[in-house]
Amino acid sequence: MLKIDNLEVAYGNIKAIKGISLEVNEGEIVTLIGSNGAGKSTTLRAISGLLKPRGGSITFMGERIDGLEGHDVVKKGICHSPEGRRIFPRMTVEENLDLGAFLRNDKEGIAADKERVLELFPRLRERITQKAGTMSGGEQQMLAVARALMGQPKLLILDEPSMGLAPVLVDLIFETIQKINQQGTTILLVEQNALAALSVAKRAYVLESGIIKMSGNAKDLQSDPEVTKAYLGG
Amino acid sequence: MSSILSAENITVEFGGLVAVNDVSFDIPEKGIVSLIGPNGAGKTTFFNILTGLYKPTSGHVMYDGSEITALTPHKIASAGVARTFQNIRLFGSMTAEENVMVAMHSHLKASLSATILGLPSQRREEKAAREEARALLEFVGIGKTANEFARNLSYGDQRRLEVARALALRPKVLLLDEPTAGMNPQESAVFVEFVHRIRDEKGISILLIEHDMAVVMKVSERITVLDRGEKIAEGTPAEIKSNPRVIEAYLGKGVGAGH
Amino acid sequence: MANTSYKARQARRVIIERTFGLAILALMSFWLVANLFKAPSQFAEVALIGLSNGILYALIALGYTLVYGIIELINFAHGDLFMLGGLFSAHFIALWFHQTKSSPMGWLVFFLALISVMIFCAGINVFIERFAYRRLRRAPKLAPLITAVGVSFMIQFVGLRWNGSGQKTWNSVLPAGHAMLGSVKLPFTTLISFAVTIPILAALTFIVTKTRQGKAMRATAQDQDASRLMGINVNRTIAFTFALGGSLAGVAGLLFQQTRGLTSYNLGYQLGLIAFTSAVLGGIGNLQGAVLGAILIGLIQGLNDGLPIGLGQQWSQTVVFSILILLMVFKPAGLLGKQVTEKV
Amino acid sequence: MAISLKRKNKKQKNPASARQWAISLTVISIGIWAFFTYLFDKTPDAVQSWFQVWMPPSTINESLVWVICALGLNIVVGYAGLLDLGFVAFWAFGGYAAGWFMSGFFNQVNIHFGSMSAKTIPGIHLSFWLVMIIAALIAGFFGIIIGAPTLRLKSDYLALVTLGFGEIIPQVFTNGENIGGFNLSNGTKGISPVDAIGVFGKRLGPFDLGWKFLIYFFLAACMVFVSLRIRGGRLGRAWLAIREDELAASMMGVPLMRTKLTAYAVGAFSGGIGGAVYATHVNGIFAERFNFSISIILLAMVVLGGMGNVWGVIIGALLMAWINATGLPAIGDTFNNTFHTEINFPSYNFLLFGGILVLMMLFKRDGLLPEARLKMISHENDDEASNTGGH
């Protein structure tokens, strides 16, 4: 479904991504793990067209999408819930959800999807008229995921969905991620909470200083001593 | 061991949201301690409190026996609390040497008129400052880059230059905000050595925010764990590693493990 | 302790600011009341002039505030766009359609001019954004600001070539004369200004709050990258915002030219600054604030210029800019704005 | 002036020590002075008329006034990164200081000190040098007054406040004929004439352009010297650091407010000097001259030469002052005579200055003279210094 080949991204003189290749197949949850600054978010931003790659290619459903503008990437069916939530703080929850469906014109479909995400996150229904900026971190995170779902993604990109959340909420978010996946959405997940990510994902790539250090089946990596060492400090 | 910098019952609120909740901890003299926790746990906010950039809603920051909570950032910096930044913030169009010399601002005495007239005292002072800057650049291992613009340095050298610049404040405490972000394990290992060298050779206490657990466990004498603005654990690396709360909050308990 | 003294200092600062603000308000109300007693009907007429100036300023101020709201740029050239709008209208009505008298034909041409000048100024503003500001969106703030100053000068050059270096006077196609409301004169031109401006402000409100484009604008203003991820074409949205602002400046240009009957290449600079002050007074980035600020500034200026007890017209600019400076010092966020702090 | 420009350009390629610079500048200035004072009358008519058209002495003198002010603005905008759009206000203060203290304007009193004018003339007549200091102090004082409350604002707001200030001050002087019964500025009529400059017992009247040139050159050279010295010291570094990253600078112990305020005051100071010099150059003070375009032309000079780059700013100032005063009309006349057209070239200055600002920002933000190359020069000096330092 998504195929990245030898991708390179640089900020000024500094190369953040030094030629990585990865693949996401239809129906999978794939996770990218790695420490801060390893280049995970940069990879996602390049996929979504927020950054222009310096080299390599990104192919989605058989089409090259590297070099497309961000809004054109969304049109292809890739929705991205960015790091740090990035909800629109001065708008209500409902307005945020509507913006997630900005490119859609099917009123009924939108209404149905709104119903669906509010089923997934009942908390948001309670807050529907509240300004998003006044909600707690966990609620904002839910909104960010829900908003991305409103775009009817073929591929959902989640960047650090558990960041700063209480353990209970982390569980909830990961359960919901699995539920979304079971409903048929392919997911590319970036997480710092490596164990949680590995436990929901099918396959994983370990990123380090802009290159892919390891990749494989999530379960194998979970028990890999090197991964344990890197994330638990040996 | 007495403490050099300590935070007492710090609480920070941003528009009703509590970012840091009643956190206390201290940095012992000539100690190396770390602050860890998941992203968004309030670590950088805490740094900003210690350096005077944010003012806490309640609580005090004590440094070297006196309270610095209400001081402006530049006064705290001049007093000897130095920091580096998570996203490198160098003065791009100044040379490496000049970057370091900026941080000597508060140590230099020359008045405006002395500078304009180029009085001998001012020249001597400038020359000494330049030598000190070169020595610091040597110390962090980038002595050759003294005359290059900061923005033209490689990533690793920029990180080193930030440390050199912070050291030019002649600090008693050095706060490092994710210094190994973007480094590979070999570079990180070298960095651990380097942190020890700073402490041993310069006698500076060090506080680290770090995500790379390998680095944290190797370098720290004591670790404080923050989660959602609260202190959930404190202790030696060994204690932290086996603390169930820490594993749950930070290292991830592995939801649905056993699938 | 030090911490409490810090808070005490903050509190003291607030008190000083409040006292100062109240003192200014008291002084102003005293001045108004004194004038009201001295010459009541003159007061009302002058206030009306101030009000009609105010809505003119509001049209320009909205352009500043729209652009600032979305890309945080003080578009220095905006006032000059207003000047070009006036010049365009003058040529359109008097030279191209030969209308110099109030007549049904004149009113028709006035209406045509209204539409044309909106398109004209919108187009120029979009052009400026595309070729000057877009490239500098990620540059340090000083760069787009200096560019805007440069663009302002270039537009003034166009005005200078088009209009000549002096003021030109024109005949209006709007009816002269006035209606009476009690003992107060209501000039027809003022009434027409209101009749044109109010629907336009209503339309603007509708566009920003209710339409898809408006939604895109508000989203882009809050977070450009997140908006991209929603599928919003950020470049087009910003261009649209410039088009809106430009068309409002065009309307203001037409109204000014028709009600005052004059054009001059440096008008934009003068009125632009006043309008900008209005936008800041209301809280820059805030649409209602811009209108409120503009009406207040218009009133203050009108009252200062026309009332028996006042500094008089030659001090008009000084009064307005003193307000600007005091405002910056004591309440930089404006009347309806919110203070934003830098993230680290 | 064209000659000196060329020489400076050549010098850029060969690094020279500060002393060599000082010597060569002195030689150039004395050369120009000697040429206009002694040789000019003896040259063939063709040469004389060429100079009158393309490089009249008054233009040379005027461009030095611009250099002084542009260097002052360069400290504010180029070094400290604070956009000041009201620099003309300081220029006005300097001008009026000369008007007040170097003329018969205050004819109620009769104060003479160090001036060459006859003791019987009423008014305040102080020595030119003293007036310069007063002018600088008045401008600097107002710089601090306006800077202190506004420097904590965001950069774009600051630009607007300074702009407002630059509007208010000239309006105060324009309307200043009767402020509560007090004549502050003689209104639109202006104050004229101002006293001649007295130097070494010699009175420099309106036509002593050569001598005035020497004095102006000396003042401009002082400004260059001050700019370079400050740039090399702790304050200059602090300014640049603030320009690059305010927050990081404060975290490195740089006091933001005080440092910015100093930049503002030093800039205002030189604006005051420039204003006083300008008053002696045009032999009077006229309120309508102090308009916004002066602030913008100065900004264009700084931007063209490269913000923060002293030599670049000097070249930018000389070039644009020449274009403004002589270049455009002279080129226009030549063009119109050659092609029998009637294009009004001077009216293109708006396009020119606006265009320079826009194009430089879009395509060459560092200015015409890249600072990097100058850096290399200063580094060679550093190496010399460290060698002698016994490394």
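A note on names: the letters A, B, ... follow the listed sequences, proteins ahead of strands, and every chain is numbered from 1. Scope of the values below: all heavy atoms of this structure, side chains included, with no hydrogens, waters or symmetry mates.
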Problem - Value rounded to 0.5 Å, distance of CG in A:Asp98 from CZ in C:Arg212 - result: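 Nearest 0.5 Å value for the CG-CZ distance: 11.5 Å.
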Problem - Most contacts with chain A, counted as non-hydrogen pairs under 4.5 angstrom, among C:Ser227, C:Ala226, C:Ala219 - result: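 Among the listed options, the one with the most contacts to chain A is C:Ala219.
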Practice task
Quick one: which of C:Asn235, C:Val234, C:Asp225 has the most heavy-atom pairs under 4.5 Å with chain A, could you say?
Solution key: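 The candidate making the most pairs under 4.5 Å is C:Asp225.
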Does [X] [atom1] have over 12 foreign heavy atoms under 6.0 Å away?
X	atom1	value
A:Glu108	CD	no
C:Phe194	CZ	yes
A:Arg125	CZ	yes

Exercise for the section: Kindly indicate, with the supporting measurements, whether the criterion side-chain contact (heavy atoms from CB on, under 4.5 Å) is fulfilled by C:Met230 and A:Val74. Expected result: CA-CA 7 Å; C:Met230 301 296 107; A:Val74 181; over 6 Å; no
Handout entry: Shortest non-hydrogen contact between A:Phe88 and C:Gln222, atoms and distance
Key =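 Looking at all heavy atoms of both residues, the closest pair is C-OE1, 3.1 Å.
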Problem - Nearest heavy atoms of C:Gly231 and A:Leu103, plus distance in Å - result: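 Closest pair (atom of C:Gly231, atom of A:Leu103, distance): O-CD2, 3.3 Å.
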Practice task
Could you tell me which of A:Ala101, A:Pro89, A:Pro82 has the largest number of non-hydrogen atom pairs under 4.5 Å with chain C?
Solution key: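 Of the candidates given, the most pairs with chain C belong to A:Pro89.
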Problem - Option passing side-chain contact (heavy atoms from CB on, under 4.5 Å) with C:Leu229 (candidates A:His80, A:His71, A:Arg147) - result: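 Exactly one option meets the side-chain contact (heavy atoms from CB on, under 4.5 Å) with C:Leu229, and it is A:His80.
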Handout entry: Residue part contacting chain C, namely of A:Leu99, when any heavy atom lies under 4.5 Å
Key =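 Both backbone and side chain.
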Exercise for the section: I would like to know whether A:Glu69 and C:Asn233 meet side-chain contact (heavy atoms from CB on, under 4.5 Å); could you show each step before the answer? Expected result: CA-CA 8 Å; A:Glu69 289 287 333; C:Asn233 186 336; over 6 Å; no
